[in-house]
Protein chains: 2
Amino acid sequence: MAPGTGRTPLSSSRVLVAAVELADEAGVDAVSMRALAQRLGVVPMALYKHVASKEVLLDGMVDQVLIEIEDPDPALDWRAAVRARVLGARRAVLRHPWARRAIESRTRRTPVVLGHMDAVARLLLAGGFSPDLTHHVMHALGNRIWGFSPELFEEEPAQGAALPDPEQQAEMAREFAQRFPGILAVATAATGGDLSAVGQGCDEDFEFEFALDLLLDGAERLHRAGWTSPARSTVHP
Amino acid sequence: MAPGTGRTPLSSSRVLVAAVELADEAGVDAVSMRALAQRLGVVPMALYKHVASKEVLLDGMVDQVLIEIEDPDPALDWRAAVRARVLGARRAVLRHPWARRAIESRTRRTPVVLGHMDAVARLLLAGGFSPDLTHHVMHALGNRIWGFSPELFEEEPAQGAALPDPEQQAEMAREFAQRFPGILAVATAATGGDLSAVGQGCDEDFEFEFALDLLLDGAERLHRAGWTSPARSTVHP
DNA sequence: TTGACGAGGTGTACAGCGTACGCCTAGCGT
DNA sequence: ACGCTAGGCGTACGCTGTACACCTCGTCAA
């Protein structure tokens with residue numbers, strides 16, 4: 001505000017936004033207190049007046065991504081609504097490639113995080129699910145609630161590795177085929193037989209929806225069958 | 001060997017074992033090159049003669065956990081076999097509390113990692129699954145292949161936080177109930193109505209098997225229905 | 001016996017990290 | 001006019017991973 005200095009003062013929101021931008025541009029590892037401070041034209045310790053610690057900063061960055069999630073059309077039935085909200089989360093997370101890792105590594109449940117979980121839970125409850133079944137279904141969805149599936153297969157196989165030598169490469173391929181025939185079969189199926197594209201062969205969006213629908217199918221079946229959780233013993237074994 | 005010094009020389013295996021022990025005792029964050037070296041009675045840089053970097057060390061530690069996985073009885077049918085192998089992975093991972101996080105954060109696919117994935121893939125293929133369906137099912141299983149589900153809900157809510165004050169606590173509970181009624185309903189269902197145990201209310205083993213069976217059920221149904229993946233366009237949208 | 005060699009342990013040093021602590025200054029309420 | 005406080009600054013500490021040079025053995029060829 002002060003026209004002399006001409007610098008709008010920091011705020012925790014300004015810090016968070018800058019941190020997200022920095023992570024978007026240079027990856028989450030590039031977000032150090034020092035780098036972030038420099039980007040804001042400020043000395044590192046100034047940040048601590050607005051965020052308590054780096055951990056809290058990361059929590060806030062995740063929040064920043066999650067608040068982009070849109071509410072689904074309230075006219076949808078439970079299944080379409082859950083699907084829509086989860087895919088909305090996916091869109092938000094995909095906009096920020098670092099967010100997946102960041103979400104996995106966070107343990108604190110901020111109000112924003114709780115808000116999304118609450119929204120999903122309410123959609124299921126509104127669909128007639130018992131709280132019990134809702135609970136288990138949310139567990140089964142797991143991180144898919146946040147819009148991503150775990151990276152089972154490698155994303156970027158080598159990047160700058162510069163495959164060493166065709167002869168040696170063929171030898172490695174032979175050995176791989178012998179040691180891991182199962183993976184080979186699965187990978188070639190995924191790429192339609194194109195061995196050279198094994199790494200990038202997965203259509204992640206398809207995999208995500210495949211698993212999501214598998215889980216929602218199962219949930220629907222259990223719901224319709226009136227599933228209830230087996231009696232719980234109150235004593236530990 | 002040399003009786004004068006009386007010190008068995010290092011080896012990458014000895015380093016890995018020591019690192020796993022250290023992580024078991026003090027957590028994975030306590031595994032620094034310096035701390036590990038000290039435990040081995042050696043100077044930090046000596047480790048680098050046996051492991052290329054900290055990243056590789058962590059990969060090796062994960063391998064160390066994964067080689068504990070037992071092969072399932074070959075007489076089992078595909079479903080029981082997959083179930084057994086995945087639950088075997090779970091037992092191995094649960095023996096080392098840090099392993100879950102470590103596996104999530106690793107991106108390199110070591111031979112040991114590939115070996116486990118290969119074993120699961122082969123069980124499905126041997127059960128008559130097409131490579132295509134096998135691929136998608138493995139994606140759907142996701143990290144559950146490694147024997148853990150994502151920590152959707154908090155594990156240790158406060159630990160040493162020392163709840164501040166009964167009055168204030170009740171106020172927070174009121175606000176929570178108003179903002180997150182869905183979560184509250186689900187959480188109380190999970191604990192059988194005992195609000196004070198909301199954090200620890202989940203039987204993780206039950207949740208794991210619930211989700212696993214949901215996924216295997218779905219997979220079985222698709223398999224029996226002769227599911228095949230929709231035709232793939234070779235051109236991107 | 002000698003001498004080279006390589007494997008493996010040592011020591012020093014550097015750049016980077018998060019952050020505790022104290023200082024300084026501008027704006028505001030009394 | 002005064003003091004309080006919010007907020008930015010500077011310094012410093014302990015920790016991290018690891019590059020690089022060095023030294024010291026055990027082994028083996030000549």
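Remember, predicted model here, so these are calculated numbers, not experimental data. Order of the sequence lines fixes the chain letters, A, B, ..., with proteins taken first and strands second; residue numbering starts at 1 for each chain.
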Quiz item: If you round to the nearest 0.5 Å, how far is CG of Leu94(B) from CZ of Arg100(B)?
Solution: 7.5 Å
Let me know the distance between [atom1] of [X] and [atom2] of [N], rounded to the nearest Å.
| X | N | atom1 | atom2 | answer |
| --- | --- | --- | --- | --- |
| Leu47(A) | dC17(C) | CG | C1' | 14 Å |
| Asp29(A) | dG18(C) | CG | C1' | 15 Å |
| Leu40(A) | dC9(D) | CG | P | 11 Å |
| Lys54(B) | dC17(C) | NZ | P | 16 Å |
| Leu36(B) | dC15(D) | CG | P | 17 Å |
| Arg14(A) | dA6(D) | CZ | P | 20 Å |
| Tyr48(B) | dG17(D) | OH | P | 6 Å |
| Leu58(A) | dC17(C) | CG | C1' | 13 Å |

Exercise. Answer with yes or no after comparing the ring centroid distance for His139(B) and Phe208(A) against a 6.0 Å cut-off, counting only values under it.
Key: no
Proximity to the side chain of [X] - top-ranked nucleotide from [options]:
| X | options | result |
| --- | --- | --- |
| Arg34(B) | dA13(C), dT10(C), dT19(C) | dA13(C) |
| Met45(A) | dC9(D), dG9(C), dG17(D) | dC9(D) |
| Ser53(B) | dG18(C), dT18(D), dG9(C) | dT18(D) |
| Val42(A) | dC17(C), dG8(D), dT18(D) | dG8(D) |

Self-check item: More than 12 heavy atoms from other groups under 6.0 Å of CD on Gln38(B)
Solution: no
Self-check item: Earlier contact from the 5' end, DNA chain C, for Ala46(B) and Met33(A)
Solution: Ala46(B)
Exercise. Output yes when Glu104(A) and Arg101(B) qualify as a salt bridge under the 4.0 Å nitrogen-oxygen rule, no when they do not.
Key: no
Quiz item: Does dG9(C) have OP1 or OP2 sitting under 4.0 Å from an N or O in the side chain of His50(B)?
Solution: yes
Quiz item: Hey, is the main chain of Ile69(B) close enough, under 3.5 Å, to the side chain of Arg91(B) for a donor-acceptor pair?
Solution: no
Quiz item: What is the nucleic acid contact for Lys49(A), judged by heavy atoms within less than 4.0 Å: base, sugar-phosphate only, or nothing?
Solution: base
